[in-house]
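Note that these values count all heavy atoms, side chains included, but never hydrogens, waters or copies made by symmetry. On a predicted model such as this, the values are computed, not experimentally measured, just so you know.
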Amino acid sequence: EQLCINYTNESLQQFFVRHIFKMEQDEYDKEAINWARISFTDNQATLDMLAEKPMNIFALVDEESRFPKGSDDTLLEKLHGKHGKDPNYLQPKSRADKTFGIKHFAGHVYYLSKGFLDKNRDTFSWDLVNVISSSSNDYLKELFVEDLTQGQETRKKSPTLGAQFKKSLDALMRTLNECNPFFVRCVKPNEVKTPNVFDRTLCTRQLRYSGMMETIRIRKAGYPIRHTFAEFLKRYRLLNPSVPAAGSGDDKANAVKLATTILGEAGAESWQTGKSKIFLKDAHDQELEVKRDSMFTSRAIVLQKLVRGALMRQRFGKIKENMLVFQHRFRTFLSRHRLEVVGAGLSRLQATLEMKKRTTEFRNMRLRMVGLQTRCRGFLARQSFNGYSQSITKVQAVFRMVLAYQRTQLLKREAEAEMIREQAIKRGLSPKEADQQKAAHLQKIRDEEQKKRAQAQAKRLEIARAEADGYQKAHADVDDSAMVDEMFGFVDDAVNRFNGAATGAFADLPQGQGDDGFGFGDSRIIPENEEDISNYKFSKFASTYFQGN
């Protein structure tokens, strides 16, 4: 597969070389242009060795593939024998090495001969043909209909893979030769397939192997723009009308005169004339095209000026006639419109006077209403202020009373403590012991206050927990069974209590007499099959009822 791919690359490279170098330089030689030939790498010898000359590599592979006893080793020996002396063929140094090499335009490539013949024969096993022919799948038979219709001998004479590939490539090259080709060269930036990484050596080697260096030189030194003498005169004679037209004299002399007048004298570094064509560089072609466009532009401007002048004069005459009619009708319209405007102005004047009168009345009424609102709001504000002032006075009095009461209690406790101290001193205790009793009395008072505060705090916490429990119960999901048990649980206890009491209450009733001898029992008892309803409790009934509703 790699040999076929490289053969294709060699053919495309030769196609590129022939169009860029060979045909270009052959045309220069044919036209007798003063030209220095450029050396380039020609891979025609490699193509001849691969597939062009007799006993080429593809021919030897096909020939060996048709021999019944042909093998990869015999193929390698024939290749060494036929092409061993070719400079483009690389023969291994050791016979144990089962490879051969070829000098391609992009570098040396070695091919392993193992499996060459099997891949080239591209045969479809006869056993697989028999299996497919005996299959009941019609679609599978349709895929291999060509192999099923061929006999075994016919399949042996079918073309090899190399022959098919060469035939397909020849058809491709014939199609390319009939076209006007444009070439695009792809350059591999690096070997690791990483973006924004350029291997300078790798890129330079690819450009050199692909012939881009020589292409740049030949394009820089060559003449890419070419015209026949008649075409050159037809296209650029308008730049110098004194030169005779094409076909009215010596076209070559007239074309040289025209080019000399515009571009200057001919030379190897400027433009040149051949036997049937004039050869120009890109700069000269751009100069000629710019001057030709300028000439067309100036001529077009003059033509446009004349045409526009005639059109404008014709249009002006029609506009003048139409304007006279328009003025007559417009003046009539203005008179009528003026009358309507005067009438509308009088109506607006009347409306304006009436508006001013009513506006004045409204403003006076609004001023009176504003004064009334101001007085009412003042009265309400004073009344509200007095109420607030009285409330604040009451709050201040209560607050001061509470502060005075607390202060009084504090002074009272201190007086009681001081009285206890004095009594202790009177009893004969020392001042230190008296102070200790005073401090103990004060500490007892503080402990009582602390206990009262703790009780108040506990009460507040209990109230907060009760409120939290109530909020949680109010917002919690309702369990119907639990709710019924909680609401009607007392019913079961009452029923059990009544059942237990019934045993003693009815103990004094007479008992049945049993069988009376005629097969009848006690007539007061009616035996029947009663259903066990012990599991049917009121709570269960209530739960079912509430869930259903």
Original post:
Under 3.5 Å, side chain of Arg292 to main-chain N/O of Leu239, donor-acceptor pair present?
Top reply: no

**OP:** For the residue pair Phe232 and Tyr236, categorise the inter-ring angle as parallel (less than 30°), tilted (30 to 60°) or perpendicular (more than 60°).
**Re:** tilted

Original post:
Is the side chain of Ser168 donor-acceptor paired with the backbone N or O of Phe165 at a distance under 3.5 Å, no angle test?
Top reply: no

Original post:
Got a sec: does the CD of Gln327 have more than 12 other heavy atoms crowding it under 6.0 Å?
Top reply: yes

Original post:
Between the side chain of Thr408 and the main-chain N/O of Ala404, is any donor-acceptor distance below 3.5 Å?
Top reply: yes

Subject >> Heavy atoms from other residues, nucleotides or ligands near CZ of Arg453 exceed 12 (cutoff 6.0 Å) >> reply: yes

Subject >> Residue pairs involving residues 351-361 (criterion salt bridge (charged side-chain N to carboxylate O under 4.0 Å, His left out); sequence neighbours excluded) >> reply: Glu354-Arg358

**OP:** Enter the distance from Leu334:CG to Leu339:CG here, rounded to the nearest 0.5 Å.
**Re:** 12.5 Å

Subject >> Partner set under side-chain contact (heavy atoms from CB on, under 4.5 Å) for Arg446, not counting sequence neighbours >> reply: Leu442, Gln443

**OP:** Give, for atom CG of Leu202 and atom CD of Glu191, the distance between the pair rounded to the nearest 0.5 Å.
**Re:** 5.0 Å

Subject >> Whether Ser389 side chain and Phe385 backbone form a donor-acceptor pair below 3.5 Å >> reply: no

Subject >> Salt bridge Arg174-Glu178, side-chain N to carboxylate O under 4.0 Å >> reply: no

Original post:
Measuring from Thr393:OG1 to Asn386:CG, what's the distance to the nearest 0.5 Å?
Top reply: 10.5 Å

Original post:
Atom CG in Asp170, atom CE in Met173: separation rounded to 0.5 Å?
Top reply: 9.0 Å

Subject >> Smallest separation among heavy atoms of Thr374 and Val370, with atom names >> reply: OG1-O, 2.7 Å

Original post:
Is Glu448 salt-bridged to Arg413, going by a charged N under 4.0 Å from an acidic O?
Top reply: no

**OP:** Enter the distance from Leu47:CG to His104:NE2 here, rounded to the nearest 0.5 Å.
**Re:** 10.0 Å

**OP:** Could you name each residue pair satisfying salt bridge (charged side-chain N to carboxylate O under 4.0 Å, His left out) that touches residues 304-327, not counting sequence neighbours?
**Re:** none

Subject >> Atom pair CG/CG of Asn6 and Leu50 - distance to nearest 0.5 Å >> reply: 8.5 Å

